[in-house]
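Chain naming here is simple, since letters A, B, ... match the order of the sequence lines and numbering starts at 1 in each.
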2 protein chains.
Amino acid sequence: MTTDQTERGARARTRQAVLDAAAAVWARDFSASLSAIAERAEVSRSTLHRYFTDRQALIDALLVDSLARLDTLDDDVADAPAMDVLEYYLRAGVDMGDRVIFLFADPKRFEGNPNWSDDDGDEDMRALVDRARVEGAIADRIPTSWAITLFYAVLYTAAEVSNQDLPRHVAADLAVQSFRRSVAP
Amino acid sequence: MTTDQTERGARARTRQAVLDAAAAVWARDFSASLSAIAERAEVSRSTLHRYFTDRQALIDALLVDSLARLDTLDDDVADAPAMDVLEYYLRAGVDMGDRVIFLFADPKRFEGNPNWSDDDGDEDMRALVDRARVEGAIADRIPTSWAITLFYAVLYTAAEVSNQDLPRHVAADLAVQSFRRSVAP
DNA sequence: GATAAATGCGACAGTCGCGTCGCAGAATAG
DNA sequence: CTATTCTGCGACGCGACTGTCGCATTTATC
């Protein structure tokens, strides 16, 4: 029985295709229709509904899927200097591309969603930024809230730019550089 | 006959109310319905349609209105150092709040709109950034395209933050500071 | 080759936003 | 006060998106 986990084989493949399509399409226009996503996934609208009954169900699934990819990273870099961790997140985020754009395009898109721990991630970020401050990588004159907002803005921007103008790693380098210099003492 | 210009009196007032409401609502969710905007403007949907026949007509009107507010600035600061001009834009932009969020939330929202001179504004920005580079305020390692994208990102972020967390002028200061340091040699 | 799983197609009703009316009441100008 | 302008209300048809079916077809599993 492969019921609950990730469902092996063909089943898992189309599921992923739909999620990827949703990320790609919704990253650019969150009001895009399910037809548009099905088309992008090269799947009939019926099939899409077989995997995700609701529009909401697809949103939720994409949300947890995207967050899961972010969480994969956490463990490796736990005890590095805080600013290095932030840099790591930034680079990893840029690599995630559409998923990140989907996640951070609109701060209140997921308000009230049980899977969106508005506090959780934010609390971790605050702690990280505060640690970076103690370690001398962030100036005292920078409010924590601004550092966090700027972090997401830079991440989002780099992810977006690397879809068009600049190669991914160049965009990531620029993002890292810009953020470090913006908040440095 | 007050036909074409800005239409005096009550006429102009409701028109502005609708535009303001559209900016406020669409800044947060561009797929919001006209009903939502009418409600925000404290006006019936009928009245809204009397002023703007189309959804598109309202979008266009808000676009030109917002751009017009930006253009008001241009003349005063023509011969200042380029980076000071950019700073001026940044501060003025933050003050415009929702209008700026509406304008710059999605780079391709207005693609193909006759009022949106994708080249015009972009060309001016490129020239400004290049001048700032010559004047030594922007490092050579920073691609012009990144400087421009980052500028809008910081502007957008500051405008958004100043709606919630931080006082307007503080957000503006932080934005200016962050941008200058990000691109400085 | 037979069985089961996955998919596509087309149709359906339901909902929502849109744009347009006409009419009646309120606000304003003269 | 009267005529004009501005506004709100409710209705209508239209189109798009949504969620759900049943049935036929392809694909894979054994």
Options D:dT7, C:dC18, D:dG19, nucleotide nearest the side-chain atoms of B:Tyr51: D:dT7
Any donor-acceptor pair, under 3.5 Å, between the side chain of A:Arg50 and the base of C:dG8, if you only look at N and O atoms? yes
Rounded to whole Å, how long is the line connecting atom CZ of B:Arg45 with atom C1' of C:dG17? 8 Å
Is the distance from the ring center of A:Phe110 to that of A:Phe102 below 6.0 Å? yes
Among D:dG8, C:dG19, D:dG19, the one nearest A:Arg55 by side-chain distance: D:dG19
Measure the distance from CD on A:Glu42 to C1' on D:dT26 and round it to the nearest whole Å. 17 Å
Validation row: A:Leu166, B:Ser145 side chains within 4.5 angstrom (heavy atoms): yes
Backbone N or O of A:Ile142 within a donor-acceptor pair of the A:Arg133 side chain at under 3.5 Å? yes
Is there a donor and acceptor pair, one atom on the side chain of A:Ser33 and one on the base of D:dC17, closer than 3.5 Å? no
Quickly work out the B:Leu58 CG to C:dC18 C1' distance and round it to whole Å. 13 Å
Got a donor-acceptor pair under 3.5 Å from the side chain of B:Ser44 to the base of D:dC9? no
Write down the distance between CD (B:Gln16) and C1' (D:dC6), rounded to a whole number of angstrom. 17 Å
Expressed in angstrom and rounded to an integer, what is the separation of B:Ile37 atom CD1 from C:dC18 atom C1'? 13 Å
B:Thr14 side-chain N/O to D:dT7 phosphate OP1/OP2 under 4.0 Å: yes
Do you know which of B:Tyr89, B:Phe151, B:Tyr156, B:Tyr152 makes ring-ring contact (aromatic ring centres under 6.0 Å, His included) with B:Phe104? B:Tyr152
Heavy-atom side-chain proximity of A:Met83 to A:Arg180 below 4.5 angstrom: yes
Just the rounded figure in Å: distance from C1' of D:dG8 to CD of B:Glu39. 14 Å
Given C:dG19, C:dA6, D:dG10, identify the nucleotide with an atom nearest to the side chain of B:Ser46. D:dG10
Without decimals, in angstroms, what is the distance between B:His49 NE2 and D:dG8 C1'? 14 Å
Round to a whole Å and report the spacing from CG of A:Leu48 to P of D:dT20. 12 Å
